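Heads up, the thing below is written out as structure tokens.
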Amino acid sequence: MARKKIIVFTGAGISAESGLKTFRDSGGLWEEYNVEDVATPEAWEKNPALVLDFYNLRRRQAVNAKPNPAHYALVKLEKRFDVQIITQNIDDLHEKAGSKNILHLHGEITKCRSSVDDSLVYPMKGKDLKLGQRCEKGSQLRPHIVWFGEAVPMMEVAASLATTADLFLIIGTSLNVYPAAGLVNYVPEIAPKYLVDPSAFSKDYIQNLTVIKETAGKGVPELVEKLLK
Ligand code: APR
């Protein structure tokens, strides 16, 4: 019998208990920085050094961060289910925990790329990206991150994966940012959906939704235990 397919859609909240800031909570990143100054193509044109510093700081934090019980519980699911992680996060905590199938919708902090040719993506060697570091075509290297106002290249792949879900888990995202947040609309209506988030409230536009008002570190292991019964 083919294994049931679980699609797991994660946001910054799953990394919060690993010490990485979310964006829109109190104390979140967008309280400290203006998006327009550090996470848009215009910001990159205007002040690339500031943008590089913003991501250098986040990369240092991500490099030192450890997966938490929520990440590990998702790995456990792979014992019985065909699990596909679709994350908005740029950290590599799902990788560090051992998840096999991971799709990053908004890029990866551990990679950099040419600023003239999107297909030239490189693993980060050191922790910092500096002005003057250039790609093979001679352009300044940039973070391999999707900035506000830029296309989300993996959205189509993510949407078609979502249509195959037997079960859909939503963990630690405010579902505020599109097109990523629109992923939910591609999941079959009849597929049971679970939302794990301490400040979540039920969303009438999502059918078959169970809201688990818990932190990921507590709610995800409990949910996984239930699903593995
Ligand atoms: N466990 C689970 N959820 C949590 C926890 C926790 N310990 N702490 C906070 N949360 C929840 C918050 O209640 C909130 O709903 O995580 C969510 C975080 O929402 P955002 O900060 O908006 O992060 P996210 O949804 O991932 O943002 C999406 O916006 O800024 C862009 O590209 C960036 O990928 C990001 C996108």
Side-chain angles (χ1 to χ4, degrees), residues 7-44 51 54-55 57-59 61-62 65-74 85-94 97 102-111 142-155 158 162 168-185 193-203 205-206 209-224:
I7 305 276
V8 187
F9 181 45
T10 64
I14 196 171
S15 302
E17 290 156 277
S18 298
L20 298 181
K21 281 190 173 181
T22 61
F23 295 95
R24 294 172 185 82
D25 287 317
S26 58
L29 272 169
W30 298 143
E31 254 177 33
E32 264 179 86
Y33 296 87
N34 288 327
V35 176
E36 306 72 36
D37 297 339
V38 291
T40 62
E42 294 72 21
W44 178 246
V51 174
F54 174 67
Y55 287 99
L57 173 66
R58 295 183 61 196
R59 190 175 303 103
Q61 289 158 349
K66 302 265 175 298
N68 64 60
H71 297 100
Y72 288 117
L74 295 177
I85 311 269
I86 299 176
T87 185
Q88 300 170 89
N89 299 338
I90 60 173
D91 63 53
D92 59 348
L93 292 173
H94 285 302
I102 305 164
L103 187 156
H104 286 267
L105 277 177
H106 293 160
E108 300 176 66
I109 194 73
T110 56
K111 294 179 180 165
R142 60 165 275 182
H144 182 47
I145 305 284
V146 176
W147 286 327
F148 284 89
E150 293 189 313
V152 179
M154 299 301 281
M155 189 61 206
F168 190 74
L169 313 188
I170 310 165
I171 304 167
T173 176
S174 60
L175 293 168
N176 260 323
V177 175
Y178 287 80
L183 196 67
V184 187
N185 304 322
K193 303 164 192 75
Y194 295 88
L195 170 57
V196 181
D197 183 325
S199 58
F201 45 90
S202 85
K203 314 217 179 236
Y205 67 95
I206 306 177
L209 177 68
T210 304
V211 174
I212 300 171
K213 275 177 79 90
E214 294 278 4
T215 61
K218 182 171 183 302
V220 177
E222 287 171 357
L223 174 58
V224 166

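The first residue of the sequence shown is numbered 1, and numbering continues consecutively from there. Everything numeric here is computed off the predicted structure, so don't read it as measured data. All ligand and atom numbering here is 1-based and tracks the order in the structure.
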(request) Hey, can you tell me if Tyr33 and Phe54 have their rings parallel, tilted or perpendicular (30° and 60° cut-offs)? (result) perpendicular
(request) Can you pull out the closest protein heavy atom to atom 26 (O) of ligand 1? Residue, atom name and distance to 0.1 Å, please. (result) Ala12 N, 2.8 Å
(request) Over 60° means perpendicular and under 30° means parallel, so classify the ring planes of Phe148 and Trp30, tilted if in between. (result) perpendicular
(message) Any atom of ligand 1 sitting under 4.0 Å from a heavy atom of Pro198?
(response) yes
(request) Give the residue and atom name of whichever protein heavy atom lies nearest to atom 5 (C) of ligand 1, and the separation in Å to one decimal. (result) Gly13 O, 3.6 Å
(message) Within the 4.0 Å heavy-atom shell around Phe148, which atoms of ligand 1 are there?
(response) 30 (O), 31 (C)
(message) Main chain of Gly172, side chain of Asp197: is a donor-acceptor contact present, judged purely on distance under 3.5 Å?
(response) no
(message) Quick check: closest heavy atoms across Ser18 and Asn68, and the distance to 0.1 Å?
(response) OG-ND2, 2.9 Å
(request) Measure the shortest side-chain to side-chain distance between Leu74 and Ile171 over non-hydrogen atoms and say whether it is less than 4.5 angstrom. (result) yes
(message) I'd like to check whether Glu214 has a polar contact with ligand 1, where a contact means an N/O of the residue lying under 3.5 Å from an N/O of the ligand.
(response) no
(request) List the closest protein heavy-atom neighbour of atom 36 (C) of ligand 1: residue, atom name, distance to the nearest 0.1 Å. (result) Val177 CG2, 3.8 Å
(request) Under 4.0 Å from a heavy atom of Gly11: give me the atoms of ligand 1 that qualify, with their elements. (result) 26 (O)
(request) Would you indicate whether Phe201, at its atom CZ, is surrounded by more than 12 heavy atoms from other residues, nucleotides or ligands within a distance under 6.0 Å? (result) no
(message) Please find the pair of heavy atoms, one from Glu150 and one from Ile145, that lie closest to each other, and give the distance.
(response) OE1-O, 3.6 Å
(request) Mark yes or no for whether His104, through its side chain, and Asn89, through its backbone, hold a donor-acceptor pair below 3.5 Å. (result) yes
(message) Tell me the protein heavy atom at minimum distance from atom 28 (C) of ligand 1, and give that distance in Å.
(response) Gln88 OE1, 3.3 Å
(request) Considering only non-hydrogen protein atoms, determine which one is nearest to atom 8 (N) of ligand 1 and report residue, atom name and distance to 0.1 Å. (result) Ala16 CB, 3.8 Å
(request) Decide yes or no on side-chain hydrogen bond (donor to acceptor under 3.5 Å, both in side chains) for Asp91 and Ser15, but give the supporting numbers first. (result) CA-CA 8 Å; Asp91 63 53; Ser15 302; 2.6 Å; yes
(message) Tell me the contacting part of Thr173 for ligand 1: side chain, backbone, both, or neither, using a 4.0 Å heavy-atom threshold, strictly below.
(response) both
(request) Give the numbers and elements of all ligand 1 atoms closer than 4.0 Å to a heavy atom of Gly172. (result) 3 (N), 16 (O), 17 (C), 18 (C)
(message) Please check whether Asp197 reaches ligand 1 - meaning an N/O of the residue sits under 3.5 Å from an N/O of the ligand, judged on distance alone.
(response) yes
(request) Could you name the option among His106, Arg24, Lys21 that has the heavy atom nearest to atom 34 (O) of ligand 1? (result) His106
(request) Can you figure out which of Val35, Ile170, Asp25, Ile145 has its heavy atom closest to atom 9 (C) of ligand 1? (result) Asp25
(request) Identify, for atom 30 (O) of ligand 1, the protein heavy atom at the shortest distance, and state residue, atom and that distance. (result) Trp30 NE1, 2.9 Å
(request) Might you point out which heavy atoms bring Leu195 and Lys203 nearest each other, and give the distance in Å? (result) CD2-CE, 3.8 Å
(request) Please say whether Asn89 places an N or O atom under 3.5 Å from an N or O atom belonging to ligand 1. (result) no
(message) Quick one, Ile86 and Phe168 - any side-chain contact, counting heavy atoms below 4.5 Å?
(response) no
(message) So, taking the atom named CD1 in Ile14 and the one named OG1 in Thr173, what distance separates them when rounded to the nearest 0.5 Å?
(response) 11.0 Å
(message) For the 3.5 Å polar cut-off, considering only N or O atoms, please tell me whether Ala216 and ligand 1 meet it.
(response) yes
(request) Taking only heavy atoms of Glu17 into account, list the atoms of ligand 1 that are under 4.0 Å away from them. (result) 1 (N), 6 (C), 7 (N)
(message) Counting only nitrogen or oxygen atoms and a 3.5 angstrom limit, does Phe23 reach ligand 1?
(response) yes
(message) Among all protein heavy atoms in this structure, tell me which lies nearest to atom 13 (O) of ligand 1, with the distance rounded to 0.1 Å.
(response) Ser199 OG, 2.6 Å
